[in-house]
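Working notes for the structure below.
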Amino acid sequence: MTFTEQVDGLTCRWSRVSEGLRQMLTTIGLALAGRAGARLAAKLGMPASRHRLIRLVRAVPDPPVGVVAVLGVDDFAVKRGHHYGTVLIDCESRRVVDLLPGRDADPLTAWLQQHPGAQVICRDRASAYAEAARTGAPQAVQVADRFHLWQNLATAVERCVAQHKSCLQEPAEVPAERSGTATVADPVGAMAERRRAHHALVHELLAQGAGFRQIARHLGWSHHTVSRYAHAATWQEMMVGQKIRPSQVDPFKTYLIQRIGEGCLKAATLHREVRAQGFAGSYAIIRKFVEQYRSTPDLTAVRRPPSVRQVTGWICRRPDDLADRDSAQLQAILDRCPQLRAATDLVRSFADMLTHLRGQRLDAWIAAAEAAALHGVTKFATGLLADLAAVTAGLSLPFSSGPVEGNVNRIKMIKRQMYGRAGFDLLRKRVLLAP
């Protein structure tokens, strides 16, 4: 069809479709991309191939960037573990202003030099973005995002709790033996026996004057393994950090404990009963489970300690938000472990700075964390010194990367909608223009 007379808003020279139809197909392409958009267009009586929809999307000009006073910067995965990109957000209007390939300093530096005017740059603690902001916009104030600071602190606290995992177990009263003396229960099992034998062997060789490397060559172990055994005062320390594997008894523990509480301590009887309920394990497993209650009549004495991640969550949560039971357990752990109490005090002090924007206290907090000499937490505090100005600004100014994180989730949705078949240019167009 040829339009001999052009009508503004309706026809366009050399075009086979009207402007209204072109805009409708472009909108469908921006919202649904190729295949899904083609199916919808066919249902609406506007048949178009997926390739045509993609061409229409690529033909749309980029929206104007304008002056961005508060710029948010973060990375996103184009293909997780392989390719990444950088998303730039206007934190005041919460709109995406551009997508850059890669997450290195050079593309962001070039963009900042082409678009001057940024007064504040909100970013995570990546060194590449810090370098790009210093080079491309030296006048801008860099603000380290509070979410990433808290996330990094939580990771440091988890390492500290793992270092003192032995403090998480409540001290249990073990009944006296027949000789009348009290003993403390040690870890049992094949792994515990190996740890005991290896610890004794390494310390025996050390007493004979052998060095770490000589012992490693003699036993065929790595230098790190020999060092761990040598620095462990007791073999029980080598059991800290071992993962507790699920047992076949776990689904039937409630029933077994109930029957034992009723006075049934015959393993054969309990084995028959749980087999009728679907237990597929052997009689020896039930017998081993019952034996711990024969020597410990109080069923409440056998209780699994809270996990490292669970205790980390208690420490990093507001005290008022903790349940009474969790608060009591945490308090008992802190009473047993002064190191975790010091870590908890530091976490709550940092949380007060972060919540009430009291960044002027950061220097004193770092000094206190370094003096505490806590595993993980002290290293986190020392690492803040390399980015002190941005961290102080993040704990003092009201700006954050919250709008950036929301748009990163939107990018993930658009990327998955295209099933990873589209290139970076099409992803960029849809992120910038999709409604």
Side-chain angles (χ1 to χ4, degrees), residues 63-78 84-155 350-363 365-366 380-381 383-413 428 431-432:
V65 175
V67 178
V68 182
V70 182
L71 180 68
V73 182
D74 202 358
D75 62 346
F76 66 94
V78 179
Y84 289 84
T86 299
V87 57
L88 306 180
I89 307 293
D90 184 346
C91 291
E92 293 180 324
S93 63
R94 297 178 176 266
R95 67 180 179 89
V96 180
V97 295
D98 209 343
L99 262 66
L100 306 178
R103 51 180 177 179
D104 302 323
D106 293 341
L108 179 57
T109 301
W111 191 94
L112 290 172
Q113 292 173 348
Q114 295 172 6
H115 303 84
Q119 301 175 6
V120 177
I121 297 178
C122 300
R123 58 170 177 81
D124 58 13
R125 298 178 63 199
S127 59
Y129 293 152
E131 178 186 352
R134 285 193 299 268
T135 306
Q139 77 287 350
V141 177
Q142 298 187 43
V143 177
D145 182 48
R146 292 186 288 275
F147 168 78
H148 290 93
L149 288 172
W150 186 254
Q151 188 179 49
N152 295 339
L153 178 59
T155 302
F350 193 89
D352 181 73
M353 283 193 301
L354 186 144
T355 304
H356 299 95
L357 300 180
R358 295 169 178 169
Q360 69 275 9
R361 301 181 182 178
L362 181 61
D363 292 335
W365 186 90
I366 293 176
F380 165 78
L384 296 180
L385 296 174
D387 201 18
L388 185 60
V391 174
T392 303
L395 297 176
S396 305
L397 302 178
F399 306 108
S400 72
S401 298
V404 184
E405 297 298 331
N407 278 282
V408 168
N409 289 334
R410 175 171 170 264
I411 292 173
K412 292 178 181 178
M413 184 272 295
R428 177 177 176 274
V431 171
L432 294 177

Do any side-chain atoms of residues 389-402 form donor-acceptor pairs under 3.5 angstrom with protein atoms, and if so which ones, sequence neighbours left out?
residue : atom : partner : partner atom : Å
T392    : OG1  : L388    : O            : 2.8
S396    : OG   : T392    : O            : 2.7
S400    : OG   : G402    : N            : 3.4

Less than 3.5 Å apart, which donor and acceptor atoms pair up between the side chains of residues 94-101 and the rest of the protein, not counting sequence neighbours?
residue : atom : partner : partner atom : Å
R95     : NH2  : V65     : O            : 2.7
D98     : OD1  : R428    : NE           : 2.9
D98     : OD1  : R428    : NH2          : 3.1
D98     : OD2  : W111    : NE1          : 3.0

Considering only heavy atoms from C-beta outward, does the side chain of N407 approach that of V431 to under 4.5 Å? no

Partner residues of D124 under the side-chain hydrogen bond (donor to acceptor under 3.5 Å, both in side chains) criterion, sequence neighbours left out: none

Within the 4.5 Å heavy-atom criterion, are L88 and V68 side-chain neighbours or not? no

Which residues share a side-chain hydrogen bond (donor to acceptor under 3.5 Å, both in side chains) with D145, sequence neighbours left out: H148

Any pair counted as side chain to side chain donor-acceptor pair (under 3.5 Å), so long as it reaches residues 134-143, sequence neighbours left out: R123-Q142

Heavy atoms, side chains only, cut-off 4.5 Å: are E131 and L108 in contact? no

side-chain hydrogen bond (donor to acceptor under 3.5 Å, both in side chains) partners for S93, two or more places apart: D90

Side-chain contact test, heavy atoms from C-beta onward, threshold under 4.5 Å: evaluate it for D74 versus I89 and give yes or no. no

Compare every heavy atom of C122 with every heavy atom of V70, then report the nearest pair and how far apart it is. CG1-SG, 4.2 Å

If I take atom CH2 from residue W150 and atom OG1 from residue T155, how far apart are they, to the nearest 0.5 angstrom? 11.5 Å

Could you work out, with side chain to side chain contact (heavy atoms under 4.5 Å, CB included) as the rule, every residue matching R103, not counting sequence neighbours? D75, Y84, T86, Y129

Gap separating the CG atom of L384 from the CG atom of L362, nearest 0.5 angstrom: 6.0 Å

Distance-only check: which donor-acceptor pairs under 3.5 Å involve side-chain atoms of residues 350-359, not counting sequence neighbours?
residue : atom : partner : partner atom : Å
D352    : OD1  : H356    : ND1          : 3.1
D352    : OD1  : R358    : NH1          : 3.2
D352    : OD2  : R358    : NH1          : 2.8
D352    : OD2  : R361    : NH1          : 3.2
T355    : OG1  : A351    : O            : 2.8
H356    : ND1  : D352    : O            : 3.3

